[in-house]
Amino acid sequence: MHVPRPTASPRAAGATRAPRTGVHNADIARCFEDIADLLEIGDENPFRIRAYRNAARIIGELQLDLAGQIQGGRDLPKIAGIGEDLTGKIAEIATTGHCALLERLRKTVPSAVAELLKIPGLGPRRVRTLYRELDVKSMEQLLAAAREGRIRAIPGFGEKTEANIQQAVEARLLKPRRYTLHVAAQYAEPFVRYLRDTPGVIRVVIGGSLRRMRESIGDIDIIATARSSTRLMDRFVSYPEVKEVLSHGPTRSSVLLQSGMQVDLRVVPDESYGAALHYFTGSKGHNIAMRRLAQQRGLKLNEYGLFRGRTRVAGASEESVFGALSLPFIPPELRENSGEIEAAGGGRLPVLVELRDLRGDLHSHTRWTDGQNTVKEMAEAAKARGLTYLAITDHSRRLAAAHGLDPRRLLDQIDEIAAIKVRGFTLLRGIEVDILEDGTLDLPDSVLARLDIVIAAVHSRFNLSRERQTARILKALGHPLVTMLAHPLGRLIGVREPYEVDMLKIVRQAAHRGRFLELNAHPERLDLHDVHCRMAKEEGALVAVNSDAHSVQQLDNLKYGIGQARRGWLEKTDVANTRTLPELRRLLRK
DNA sequence: GCCGTTTTCGGCCCGACTGTTTTCAGTCG
């Protein structure tokens, strides 16, 4: 099945407990975040706190494995934002699994207190006050204090704040949610259409992480220009699906929909449209870096424009903002402050792959297994979307729940595919064959040899050790008949963590053997991850952006795959299925 | 804690909204 049953998977433990061999960048980043939280509650120098947060963000996005680097006896490269002191702490965490500073801070403030920062409306100062005045050390104690009316008695707090805190804690116990891209889009698009229907409105567009095509979306950001902002704002907060109005001002408002999704609207004058769109698209890190760049040139960047003194020098369009800072337009998918500003400044921005560059799709399913449509219907739907070829790649026998194909049925399917003719369109014969636990394939070579495309996929034993899982996949990629590795991390966004594998080894094996790495475009997968797209590009492995469609409608998921590929800096030449069929066949023969 | 053709010291992104105050702190994005 393309979406296997969720399985429990332990989250990475904190980096500062027992020493262990596998310290990941995420662990180091988490440690720095925890330090920043505790320093903040301790009312430390805000710029010192910012340095830790900044470092955490940089490390979290870094491709280089820091602990591996140190354990291999190599020096860390110079990383902007990480100086002498933090380099030392990285080395400390990588070698000992502990950070002495964090341990020390935890003795002054219990780390459960830092959890309270996650409550919307509670920042460091209020958390500190609640801890000192009421000895509140946990969510439970905070909720009790609110219910008993003890919070309103503290100076600076009032009844309203107390009620808000109580509500926020209760809501948090219901679990905060993030949404996959396609779910967020389902909420966003009708809302945008509704807003466009307002008299006097000029423009309404989606920004934020949805525009950046991030794999999961926390809230929806909408930017608008209008002749009357108050009229638009009034209509915004009266949208029928609104459950609660979180804030309501003339230029900025936030609402909660019945689904729990938060939506923010920012309204600016039309001449500020580009600056506001840029600001509300983010990411936060990108915005900070851009404002700093402006500042270095004696300018000021905010959501109203780019200013020299009081004079606006740009802001009507995003292009004008970038241009006034001597930069080309940076596509939204790249705006993560992960080198895009430097690349833009140096004329090294990639020309990103686009949906219309795709010539075919190399992974799809039919009624032969767990798909909903026939081979012919899939072919016609793919052709209608402008593609010129489609590989039919149903499951192999091991996946019994999906009615996986045994050799006999696969041979029958090959015959059916050969008999189907769609003008100007080519069907490729394929299989998504299970990689068994020992790295061998679920079907004999004699059958696989009759196919154009052999996709190898892990659908079982997700919990093998990193070493065994990696060896299993490397062995499959070494099989002479394998074309490609399906969904390399096996994750389901928000449901199942990726399995433990050494992606660098896998990417290098793929590059060495000429195998493709799939970027599975299903919005719950988006697997390859964007950082591994960049890794694949650097190591010279080709990526195939595939729909893994189980129905004709799911062919439309390709747009999400392209979004992820763009986030991974991929260009047309980095993606295998941008090739024409003759070019693809030449690649496959190699 | 980081960083530097304005600086090795003195800066560090910017503005809106809420609630509790009577001019602003705290929080958020």
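Letters go in sequence order (proteins before strands), and every chain restarts at 1.
A sub-4.0 Å separation between OP1 or OP2 of B:dG15 and a side-chain N or O of A:K300 is present.
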Using the 3.5 Å cut-off, write out each protein N or O paired with an N or O of nucleotides 3-12 of chain B and the distance between them.
unit_1: B:dC3; atom_1: OP1; unit_2: A:G81; atom_2: N; d: 2.5

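For DNA chain B, none of the residues of residues 305-321 of chain A falls under the heavy-atom distance limit of 4.0 Å.
Judged as a side-chain hydrogen bond (donor to acceptor under 3.5 Å, both in side chains), and not counting sequence neighbours, A:T161 has no contacts. Looking at residues two or more places apart in sequence or on another chain, you find a side chain to side chain contact (heavy atoms under 4.5 Å, CB included) between A:T198 and A:V201, A:R231, A:L232, A:R235. Looking at residues two or more places apart in sequence or on another chain, you find a side-chain hydrogen bond (donor to acceptor under 3.5 Å, both in side chains) between A:D85 and A:K89. Every residue meeting the side-chain hydrogen bond (donor to acceptor under 3.5 Å, both in side chains) condition with A:E571, not counting sequence neighbours, appears here in chain and number order: A:K537. For A:K160, there are no side-chain hydrogen bond (donor to acceptor under 3.5 Å, both in side chains) partners, not counting sequence neighbours. Applying the side chain to side chain contact (heavy atoms under 4.5 Å, CB included) criterion to A:L256, with sequence neighbours excluded, gives A:E244, A:L246, A:Q262. Partners of A:E340 under the salt bridge (charged side-chain N to carboxylate O under 4.0 Å, His left out) rule, at least two apart in sequence or in another chain, do not exist in this structure.
If you check every strand for non-hydrogen atoms under 4.0 Å, A:L301 touches sugar and phosphate atoms only.
Atoms CD1 (A:I206) and P (B:dG29) sit 19 Å apart, rounded to a whole Å. In this structure, the CZ atom of A:R53 is 11 Å from the P atom of B:dC28, given to the nearest Å. For the pair A:N337 CG and B:dC2 P, the interatomic distance rounds to 17 Å; values are reported in whole Å. Distance, A:L39 CG to B:dG1 C1': 10 Å, rounded to whole Å. Whole-Å rounding puts the A:L105 CG to B:dG1 C1' distance at 14 Å. Rounded to whole Å, the distance from CG on A:N302 to P on B:dC14 is 8 Å. Separating the CD atom of A:Q262 from the P atom of B:dT27 is a distance of 17 Å, rounded to the nearest angstrom. The nearest whole Å value for the distance from the NZ atom in A:K284 to the C1' atom in B:dT27 is 11 Å.
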Contact string for nucleotides 16-26 of chain B, one letter per nucleotide 5' to 3', B = base within protein heavy-atom range under 4.0 Å, S = sugar-phosphate only, - = neither, reads SSSSSS----S
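Other residues, nucleotides and ligands contribute over 12 non-hydrogen atoms within 6.0 Å of the CZ atom of A:R297.
Distance check: A:D264 CG to A:D219 CG gives 5.0 Å after rounding to the nearest 0.5 Å. Rounding to the nearest 0.5 Å places CD of A:E318 at 4.0 Å from CZ of A:R335.
Comparing A:D221 and A:I288 by the nucleotide of DNA chain B whose heavy atom lies nearest to each, the residue mapping closer to the 5' end is A:I288.
Between A:F236 and A:F191, the ring-plane angle classifies as parallel under the 30° and 60° cut-offs.
Pairs engaging residues 283-312 of chain A under the ring-ring contact (aromatic ring centres under 6.0 Å, His included) rule: A:H278-A:H286 [sequence neighbours left out]. Each ring-ring contact (aromatic ring centres under 6.0 Å, His included) pair with one or both residues in residues 200-234 of chain A, not counting sequence neighbours, would appear here, but there are none.
Distance check on atom C1': B:dT23 versus B:dC17 gives 16 Å, rounded to whole Å. When the P atom is used for both B:dG15 and B:dT21, the distance is 28 Å, rounded to whole Å. Taking atom C1' in both B:dG26 and B:dT20, one finds a spacing of 11 Å when rounded to whole Å. Atom name P, nucleotides B:dC12 and B:dG19: the rounded distance is 31 Å, in whole Å. B:dC2 and B:dT6: their P atoms are spaced 23 Å apart (whole Å).
Across all strands shown, B:dG11 pairs with B:dC2; the Watson-Crick or G-U wobble distances both stay below 3.5 Å.
Glycosidic conformation, B:dT21: anti, with the torsion outside 90° of 0.
Judged by distance alone, with hydrogens and angles left aside, A:Y279 brings a side-chain donor or acceptor within reach of the base of B:dG29, the pair sitting under 3.5 Å.
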